[in-house]
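For reference, the structure is listed below as structure tokens.
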Amino acid sequence: MSLPARPTLQACLEGRRNNLDFLRFAAASGVILSHAFPLAEGKGAVEPLDVFTRGQLSLGRLCVAVFLVISGVLITRSWERTPDLARFTWARVLRIFPGLGVMLLLTTLVLGPAFTALPLRDYLTSADTHLYWLRNFTLAFPQWDLPGVFEGNAYSPAVNGSLWTLKYEVGFYLLTLGLGLTGLLRKGMVAFGWVGAAVASVITGRLGFWPELYLYFGGGVALYLWRDRVRMSPWLALACTAAWLVMARLGYGRIGTGLFGAYVVLYLAYLPLGALADFGRRGDFSYGVYVYAFPVQQAVTALLGGRTEWWVNAAVSFPVVVALSALSWHLVEKPALRLKDSPPALLRRLWPPGSRPAAAHEPGAH
């Protein structure tokens with residue numbers, strides 16, 4: 001008697017139930033736990049995963065990889081479903097920038113005045129106060145501190161260190177768009193780029209975080225493009241997990257995450273887990289958790305005297321962060337996303353409705 005074939009990733013993607021909302025929320029929460037060590041105990045604090053992987057991976061870095069794998073799948077699917085420059089670009093803008101902009105305003109105008117050691121007049125008239133919002137909103141030139149804020153903290157004086165990943169996320173959106181428009185969003189091109197990223201992440205540090213982070217994003221893209229052949233097998237997921245553990249323990253955690261992590265993430269995303277499939281029915285709070293957590297955790301540390309235990313910081317910060325992320329979703333992010341199918345006229349002029357890249361549906365595009 002033959003065993004039933006495992007479903008392909010394509011079949012899973014066509015279904016309506018998945019654990020993606022839960023995984024993203026869990027990843028954002030994992031970043032809180034990871035940051036609690038340095039933010040509460042100081043820059044020398046080391047978390048268990050860092051020790052296990054010989055300094056290659058923190059829990060926060062692993063959770064960023066989870067975000068990027070999921071993003072690689074969903075962003076590529078979004079382009080293939082609607083290869084429209086205006087709608088694709090506008091949807092990405094609305095997903096990132098409204099929530100980011102409001103968070104930065106609250107940080108600058110509420111949190112900053114509440115925690116600065118400077119006289120309020122000096123804080124409000126400082127050029128760095130006014131530039132904080134602009135520099136971080138544009139993503140290109142991040143500014144980590146505000147005048148006089150959190151100077152007595154264990155991890156001083158960064159206000160929101162989580163924002164460093166956003167420029168890479170947006171960069172990968174633009175890469176997907178560029179490959180899509182030129183008809184190069186194909187298996188061979190993505191595989192070549194993914195292998196190149198793996199090699200570059202080992203032999204050079206001159207490209208910064210781009211090769212490493214593309215390992216994760218590109219892994220999601222590659223599995224999506226081969227979705228009709230990739231089967232969701234528990235045995236393969238266990239084998240990938242075991243291989244990752246071995247590589248991580250040997251000090252190759254980032255390469256191991258790039259090679260084996262994407263499959264494990266997607267297996268968990270489409271594993272039938274009942275109630276977890278409905279986790280996001282009240283909203284997608286993961287982005288809000290990610291962008292609000294760091295400043296809230298710094299504020300908690302400041303209120304507790306500038307230094308505390310990591311678990312105290314995480315426990316006190318978590319409900320505050322979830323409440324802020326819920327408000328962000330319902331008052332800012334969700335209303336903004338309702339506009340995603342109505343891009344502004346300027347974008348429409350760049351790519352008129354009904355136009356399609358000539359190569360988008362040629363053989364091999366999937």
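In what follows, every heavy atom counts, from backbone to side chain, and hydrogens, waters and symmetry copies are set aside. Heads up: numbering here begins at 1 and tracks the sequence.
Arg249 CZ: more than 12 foreign heavy atoms inside a 6.0 Å radius. Remark: Phe192 CZ is loosely packed, at most 12 non-hydrogen atoms of other residues, nucleotides or ligands lying under 6.0 Å away. More than 12 heavy atoms of other residues, nucleotides or ligands shown are found within 6.0 angstrom of CH2 on Trp164.
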* Asked: Step by step, would you call Phe260 with Met247 a side chain to side chain contact (heavy atoms under 4.5 Å, CB included)?
  -> CA-CA 10 Å; Phe260 304 110; Met247 291 194 71; 3.5 Å; yes
* Trace of the side chain to side chain contact (heavy atoms under 4.5 Å, CB included) decision for Ser317 with Val296 -> CA-CA 6 Å; Ser317 301; Val296 168; 4.1 Å; yes
* Asked: Thr176 and Leu185: side chain to side chain contact (heavy atoms under 4.5 Å, CB included), yes or no, with the steps?
  -> CA-CA 7 Å; Thr176 303; Leu185 192 57; 4.2 Å; yes
* Could you walk me through whether Val316 and Trp311 pass the side chain to side chain contact (heavy atoms under 4.5 Å, CB included) test, one step at a time? => CA-CA 8 Å; Val316 175; Trp311 60 268; over 6 Å; no
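A donor-acceptor contact closer than 3.5 angstrom links the side chains of Ser328 and Glu333. Using modelled atom types, one finds a donor on one side chain and an acceptor on the other under 3.5 Å when comparing Ser286 with Asp284. No donor-acceptor contact under 3.5 angstrom links the side chains of Asn153 and Thr301, judged on distance only.
The two residues Gly180 and Trp79 come nearest to each other via the heavy atoms CA-NE1, 3.2 Å. For Gly60 against Glu47, the heavy-atom pair with the smallest separation is N-OE2, 4.5 Å. Heavy-atom minimum distance, Trp210 versus Lys167: CH2-O, 3.8 Å. Taking every heavy atom of both residues into account, Ala293 and Val321 meet most closely at CA-CG2, 3.7 Å. Looking at every heavy atom in both residues, Val312 comes nearest to Leu304 through CG1-CD1, 3.8 Å.
With hydrogens and angles disregarded, a donor-acceptor distance shorter than 3.5 Å links the side chain of Trp133 to the backbone of Gly101. For Thr165 (side chain) and Val64 (main-chain N/O), no donor-acceptor pair under 3.5 Å exists by modelled atom type. Not a single donor-acceptor pair under 3.5 Å links the side chain of Gln298 to the backbone N or O of Val159. A donor-acceptor contact shorter than 3.5 Å is absent between the side chain of Ser34 and the backbone of Gly30. Within the 3.5 Å criterion, the main-chain N or O of Leu111 finds no donor-acceptor partner in the side chain of Thr107. Judged by distance alone, the side chain of Arg307 and the main-chain N or O of Glu41 form a donor-acceptor pair under 3.5 Å. With hydrogens and angles ignored, the 3.5 Å screen pairs no side-chain donor or acceptor of Tyr263 with any backbone N or O of Ala237. The closest donor-acceptor contact from the side chain of Ser126 to the backbone of Tyr123 lies at 3.5 Å or more, if one exists at all. The backbone N or O of Tyr224 lies less than 3.5 Å from a partner atom in the side chain of Arg227, making a donor-acceptor pair. Between the side chain of Asn313 and the backbone N or O of Gln297, at least one donor-acceptor pair lies under 3.5 Å.
Between Val221 and the choices Val73, Ile75, Thr76, the side-chain contact (heavy atoms from CB on, under 4.5 Å) rule is met once, by Thr76. The residue from Leu105, Val332, Leu163, Asn136 that alone fulfils the side-chain contact (heavy atoms from CB on, under 4.5 Å) condition with Leu100 is Leu163.
Note that CG of Asp21 is 10.0 Å distant from CG of Asp278, once rounded to the nearest 0.5 Å. The OG1 atom of Thr116 sits 8.0 Å away from the CG atom of Leu146 when rounded to the nearest 0.5 Å. Atom CG of residue Leu268 and atom CG of residue Leu273 lie 8.0 Å apart, to the nearest 0.5 angstrom. Rounding to the nearest 0.5 angstrom, the gap separating the CZ atom in Arg92 from the OH atom in Tyr173 is 6.5 Å. To the nearest 0.5 angstrom, Tyr292 atom OH is 5.0 Å from Leu106 atom CG. Going from atom OG of Ser71 over to atom CG of Leu213 covers 11.5 Å, rounded to the nearest 0.5 Å.
Aromatic ring pairs are classed by plane angle as parallel below 30°, tilted from 30° to 60° and perpendicular above 60°; the pair Phe279 and Phe25 is tilted.
Side-chain atoms of Arg186 and Leu225, non-hydrogen and from C-beta on, never get closer than 4.5 Å to each other. Arg254 places none of its side-chain heavy atoms less than 4.5 Å from the side chain of Leu215. Considering only heavy atoms from C-beta on, Arg61 stays 4.5 Å or farther from Gln56 through its side chain.
Taken together through direct or relayed side-chain contacts under 4.5 Å among Ile, Leu, Val, Met, Phe, Trp and Tyr, Leu238 and Trp244 form parts of separate hydrophobic clusters. Clustering ILVMFWY residues whenever any of their side-chain heavy atoms sit less than 4.5 angstrom apart, transitively, puts Leu166 in the very cluster that holds Val102. Phe318 and Tyr155 fall into different hydrophobic clusters, where Ile, Leu, Val, Met, Phe, Trp and Tyr are joined by side-chain heavy atoms under 4.5 Å apart, directly or via other members.
Checked for salt-bridge contact, Asp128 and Arg135 meet the test: a charged N lies under 4.0 Å from a carboxylate O.
Ring centers of Phe67 and Tyr290: under 6.0 Å apart, within the cut-off. No close placement of the Tyr214 and Trp194 rings is indicated, their centers lying 6.0 Å or farther apart.
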